[in-house]
Amino acid sequence: GQQVMQIPQYQHVQEGEDFTTYCNSSTTLSNIQWYKQRPGGHPVFLIQLVKSGEVKKQKRLTFQFGEAKKNSSLHITATQTTDVGTYFCAGPFYMNYGGSQGNLIFGKGTKLSVKP
Amino acid sequence: NAGVTQTPKFRVLKTGQSMTLLCAQDMNHEYMYWYRQDPGMGLRLIHYSVGEGTTAKGEVPDGYNVSRLKKQNFLLGLESAAPSQTSVYFCASSYPPRGIFTGELFFGEGSRLTVL
């Protein structure tokens with residue numbers, strides 16, 4: 001079945017180091033979304049990418065969507081303690097007929113810890 | 001603006017007991033979802049609804065029932081709770097897909113359920 005895989009599962013960095021999480025889909029996606037969940041909190045939407053090869057930046061965060069629209073990455077430059085949390089990617093879940101009803105299939109997330 | 005509100009936030013049940021989790025959203029979203037989150041498993045879709053009066057099964061629907069009698073409310077029921085249903089439950093809502101865009105999910109704060 002359709003899968004969205006994320007690596008690594010955990011990442012421990014020293015404050016100021018960079019961080020990258022990778023997302024791979026078993027199917028071509030029309031778009032991909034990224035969410036952040038702080039410890040004890042709920043997932044919060046960060047961004048949606050829709051174009052092949054798209055790159056978007058939000059301050060220290062850089063999001064990329066692969067040329068084949070099957071993979072994506074989130075890169076954080078110079079991590080801060082406020083970046084702590086779990087980062088999820090999510091893509092549309094496609095029904096048997098090939099269409100999407102708007103459901104998202106989530107990766108298992110990458111848990112980032114930052115040592116001050 | 002409250003967004004997505006879940007009640008209760010915490011609940012402890014004994015095996016075999018029943019309960020209902022309530023989700024309410026004030027954003028006039030068509031779509032609503034129930035996810036469960038377990039350590040290392042990411043977010044798994046239980047049931048979803050694409051509009052008032054409609055519901056559909058997600059990835060892990062067994063042991064749960066849902067109802068969407070009003071557009072703003074989505075109820076998740078456990079008829080006979082089992083320890084395997086110990087989890088954090090998140091409700092979310094979104095707009096329907098628009099072209100290649102999938103609606104971003106707005107999550108509630110979560111409901112932590114323990115089944116003894």
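Numbered from 1 within each chain, the chains take letters A, B, ... in sequence-line order.
Counting heavy-atom neighbours within 6.0 Å of B:Lys9 NZ, excluding the residue itself, gives a total above 12. Heavy-atom neighbours of B:Glu52 CD from other residues, nucleotides or ligands within 6.0 Å: above the threshold of 12. Atom OH of A:Tyr22 is surrounded by 12 or fewer heavy atoms from other residues, nucleotides or ligands within 6.0 Å. Residue-environment remark: CZ (B:Arg112) stays at or below the threshold of 12 foreign heavy atoms within 6.0 Å. Within a 6.0 Å sphere centred on CD of A:Gln11, heavy atoms belonging to other residues, nucleotides or ligands number more than 12. Within 6.0 Å of atom NZ in A:Lys36, more than 12 heavy atoms from other residues, nucleotides or ligands are found, so the atom counts as buried in its surroundings.
The hydrophobic clustering, which links ILVMFWY residues whose side-chain heavy atoms are closer than 4.5 Å, places B:Val4 and B:Leu75 apart. Taken together through direct or relayed side-chain contacts under 4.5 Å among Ile, Leu, Val, Met, Phe, Trp and Tyr, B:Tyr31 and B:Tyr48 form part of one hydrophobic cluster. Residues B:Leu45 and B:Val66 do not share a hydrophobic cluster, defined by chaining ILVMFWY side chains whose heavy atoms lie under 4.5 Å apart. When hydrophobic clusters are built by joining Ile, Leu, Val, Met, Phe, Trp and Tyr residues whose side-chain heavy atoms come closer than 4.5 Å, directly or via intermediates, B:Val115 is grouped together with B:Met19. No continuous path of ILVMFWY side-chain contacts below 4.5 Å connects B:Ile46 to B:Val88, so the two sit in separate hydrophobic clusters.
With a threshold of 4.5 angstrom between heavy atoms, A:Gln37 approaches chain B through side-chain atoms but not through N, CA, C or O. Contact of B:Glu59 with chain A is not made at all, since no heavy-atom distance falls under 4.5 Å. With a 4.5 Å cut-off on non-hydrogen atoms, A:Leu29 does not touch chain B at all. Only the side chain of B:Tyr35 comes within less than 4.5 Å of a heavy atom in chain A; its backbone stays farther off. Heavy-atom distances place no part of A:Tyr10 under 4.5 Å from chain B, backbone and side chain included. When heavy atoms are compared at a cutoff of 4.5 Å, B:Ile100 approaches chain A by way of both its backbone and its side chain.
Proximity of a side-chain donor or acceptor of A:Gln33 to a complementary backbone N or O of B:Thr102 within less than 3.5 Å is detected.
In terms of heavy-atom proximity, A:Tyr35 sits nearest to B:Leu105 at OH-N, 2.8 Å. Nearest heavy atoms, B:Phe107 versus A:His42: O-CD2, 3.6 Å. The heavy-atom pair separating A:Pro43 from B:Phe90 by the smallest distance is CD-CE2, 4.0 Å.
Taking CD from B:Glu104 and CD1 from A:Ile47, the interatomic distance works out to 11.0 Å, rounded to the nearest 0.5 Å. Between atom CG of residue A:Asn31 and atom CZ of residue B:Phe101 there is a gap of 8.0 Å, rounded to the nearest 0.5 Å.
Residues of residues 57-90 of chain A lying within less than 4.5 angstrom of chain B, judged on heavy atoms, are A:Phe88 in numerical order.
Between chain A and the options B:Gly108, B:Gly110, B:Ser94, the largest number of non-hydrogen pairs under 4.5 Å is found for B:Gly108.
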